[in-house]
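The basis for the numbers below is simple: all heavy atoms, side chains too, and nothing from hydrogens, waters or symmetry mates. Counting begins at 1 with the first residue of the sequence.
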Amino acid sequence: MNRNDFHNKLHSSKGMMLIVAGLTALVEEEGYTAHEALDIANTAGKECYFALNDIQKEVKK
């Protein structure tokens, strides 16, 4: 997804809004730096990949 697609979909996607809100909370409320928050998101993505892939397969059934 490119930058324009992201901005066009952000306000209509609950999931994308939650991701941005979560990153914001990590910085504002938990004291992480922007770099640390993005690193946490990257790690979360890697850790959740296979579970998300399984969910996607179930949804397609």
Side-chain angles (χ1 to χ4, degrees):
M1 174 177 296
N2 66 37
R3 182 182 174 104
N4 288 332
D5 289 340
F6 176 81
H7 286 285
N8 289 335
K9 293 178 183 179
L10 178 61
H11 298 291
S12 62
S13 170
K14 177 182 173 182
M16 291 173 65
M17 285 189 266
L18 288 169
I19 291 168
V20 172
L23 289 168
T24 302
L26 286 170
V27 173
E28 287 184 347
E29 298 169 19
E30 299 186 33
Y32 289 99
T33 66
H35 185 268
E36 290 169 331
L38 292 172
D39 188 46
I40 290 167
N42 186 39
T43 301
K46 289 177 184 177
E47 292 296 318
C48 295
Y49 175 80
F50 292 105
L52 292 171
N53 200 32
D54 288 344
I55 292 167
Q56 179 185 13
K57 289 176 187 174
E58 289 296 319
V59 170
K60 286 185 178 181
K61 286 184 179 179

Tell me, please, which residues at least two apart from V27 pass side chain to side chain contact (heavy atoms under 4.5 Å, CB included). A37

Heavy atoms of other groups near E30 CD, more than 12 under 6.0 Å: yes

So does H7 have more than 12 non-hydrogen atoms from other groups sitting under 6.0 Å from NE2? yes

Looking at [atom1] of [X] and [atom2] of [Y], how far apart are the two atoms once the value is rounded to the nearest 0.5 Å?
| X | Y | atom1 | atom2 | result |
| --- | --- | --- | --- | --- |
| E47 | T43 | CD | OG1 | 7.0 Å |
| C48 | I55 | SG | CD1 | 8.5 Å |
| K57 | L52 | NZ | CG | 12.0 Å |
| L26 | T33 | CG | OG1 | 10.0 Å |
| M1 | L10 | CE | CG | 9.5 Å |

Would you mind listing the cluster partners of F50? Hydrophobic ones only (ILVMFWY), side-chain contacts under 4.5 Å, chaining allowed.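 Members other than F50 - counting any ILVMFWY side chain reachable under 4.5 Å - are Y49.
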
Checking T24 side chain against V20 main chain: does a donor-acceptor pair fall under 3.5 Å?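 Flag set: sc T24 to bb V20 pair under 3.5 Å.
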
Which atom names give the shortest non-hydrogen contact between N4 and N2, and what distance separates them? N-OD1, 3.0 Å

Are any non-hydrogen side-chain atoms of Y32 and L38 less than 4.5 angstrom apart? no

Does some side-chain heavy atom of L18 sit less than 4.5 Å from a side-chain heavy atom of K14? yes

So, using salt bridge (charged side-chain N to carboxylate O under 4.0 Å, His left out) as the criterion, who are the partners of E58 when residues are at least two apart? K61

In one Ile/Leu/Val/Met/Phe/Trp/Tyr side-chain cluster, 4.5 Å: I19, M17: no

